[in-house]
Amino acid sequence: PELKDFVIEKLHSYWSPDQISGYLKRLGIPRFRVCMETIYQFIYSDEGKRLGLYRYLFKSRKKRRNLYGRAPRKSRVLEHHGIAYRPMEVNERGTFGHWEGDLMIFHMEHGKYNLTSLIERKSRYMVLAKNDNRKPEPVMHSIADKLKPFPNLLTQTITFDRGFEF
């Protein structure tokens with residue numbers, strides 16, 4: 001109970017859970033130590049919410065976000081443009097000229113690199129395009145440059161995943 005009262009007092013003084021944890025660790029009092037994560041769990045527990053402790057945090061959120069998570073992106077691709085709606089001849093790989101595209105990202109010792117892979121569905125012919133970055137405009141320009149030498153008959157459709165770069 002003394003530890004809980006101490007933590008609540010420091011939170012009311014606008015100390016962060018990290019500061020409270022570090023201070024208690026430095027004090028070195030046996031059994032009077034708590035880690036930052038435990039303080040956050042207490043703040044967002046039923047008791048902590050009832051006391052309104054989240055209001056004393058730097059970013060006073062009622063609900064805690066996942067530490068390594070991110071908010072899901074909403075797709076800008078209309079539902080009727082989804083993969084389920086592509087023509088049957090594309091699904092069955094009956095004719096040439098239908099491509100699938102994806103972006104591959106590599107982490108190397110000199111930095112990050114990304115490639116766009118384009119695979120023709122019937123022949124499995126692959127074309128790789130190096131991109132300067134992952135933004136949509138440069139990616140689409142590199143795809144257009146790689147497919148320019150092919151006749152129109154061999155570049156009928158391209159199916160992409162729902163990544164933001166496409």
Quiz prompt | Pairwise distance NE2(H141) to OG1(T116) - rounded to 0.5 angstrom | solution = 13.0 Å
Quiz item: Is atom CG of D132 surrounded by more than 12 heavy atoms (other residues, nucleotides or ligands) closer than 6.0 Å?
Solution: no
Exercise. Could you grab the distance from atom NZ of K146 to atom CG of L118, nearest 0.5 Å is fine?
Key: 9.5 Å
Quiz item: What is the distance from atom OG1 of T159 to atom CH2 of W99, rounded to the nearest 0.5 Å?
Solution: 12.5 Å
Practice problem: For atom OH of Y23, decide whether the heavy atoms of other residues, nucleotides or ligands shown that lie under 6.0 angstrom number more than 12. | Solution: no
Practice problem: Give a yes or no answer on whether the side chain of E120 reaches the backbone of G97 with a donor-acceptor pair at less than 3.5 Å. | Solution: yes
Exercise. State, with a plain yes or no, whether a side-chain heavy atom of Y56 is found less than 4.5 Å away from one of I43.
Key: no
Quiz item: Can you find a heavy atom in the side chain of R124 that is under 4.5 Å from one in the side chain of R93?
Solution: yes
Quiz item: Does N91 offer a backbone N or O that forms a donor-acceptor pair with the side chain of R121 under 3.5 Å?
Solution: yes
Quiz item: Out of curiosity, does I158 fall in the hydrophobic cluster containing V90 (side-chain heavy atoms, cut-off under 4.5 Å, transitive links)?
Solution: no
Practice problem: Could you grab the distance from atom OH of Y44 to atom NZ of K49, nearest 0.5 Å is fine? | Solution: 9.0 Å
Quiz item: Take atom CG in D5; do more than 12 heavy atoms of anything else shown fall under 6.0 Å from it?
Solution: yes
Exercise. Flag yes if more than 12 heavy atoms outside Y125 fall under 6.0 Å of its OH atom; otherwise flag no.
Key: no
Quiz item: What's the shortest heavy-atom distance between P138 and N131, and which atoms?
Solution: O-OD1, 4.5 Å
Quiz item: When hydrophobic residues are tied together by side-chain contacts of less than 4.5 Å, even through go-betweens, does I143 share a cluster with L153?
Solution: no
Self-check item: Distance, nearest 0.5 Å, that separates OG1 of T157 from CD of E100
Solution: 9.0 Å
Self-check item: Backbone N/O of V34 and side chain of S21: donor-acceptor pair under 3.5 Å
Solution: yes
Practice problem: Answer yes or no: are there more than 12 heavy-atom neighbours, outside D46 itself, under 6.0 Å from its atom CG? | Solution: no
Exercise. Using a 4.5 Å cut-off on heavy atoms from C-beta on, say whether the side chain of V7 contacts that of P17.
Key: no
Practice problem: Kindly state each residue pair satisfying salt bridge (Lys or Arg N to Asp or Glu O under 4.0 Å) with at least one member in residues 7-19, sequence neighbours excluded. | Solution: none
Quiz item: Any link between F96 and M88 through a network of hydrophobic side chains (Ile, Leu, Val, Met, Phe, Trp, Tyr) touching at under 4.5 Å?
Solution: no
Quiz prompt | Minimum heavy-atom distance M126-S117, with the two atoms named | solution = CE-CB, 4.5 Å
Quiz item: In Å, rounded to the nearest 0.5 Å, how long is the span from CG of L53 to CD of E47?
Solution: 8.0 Å
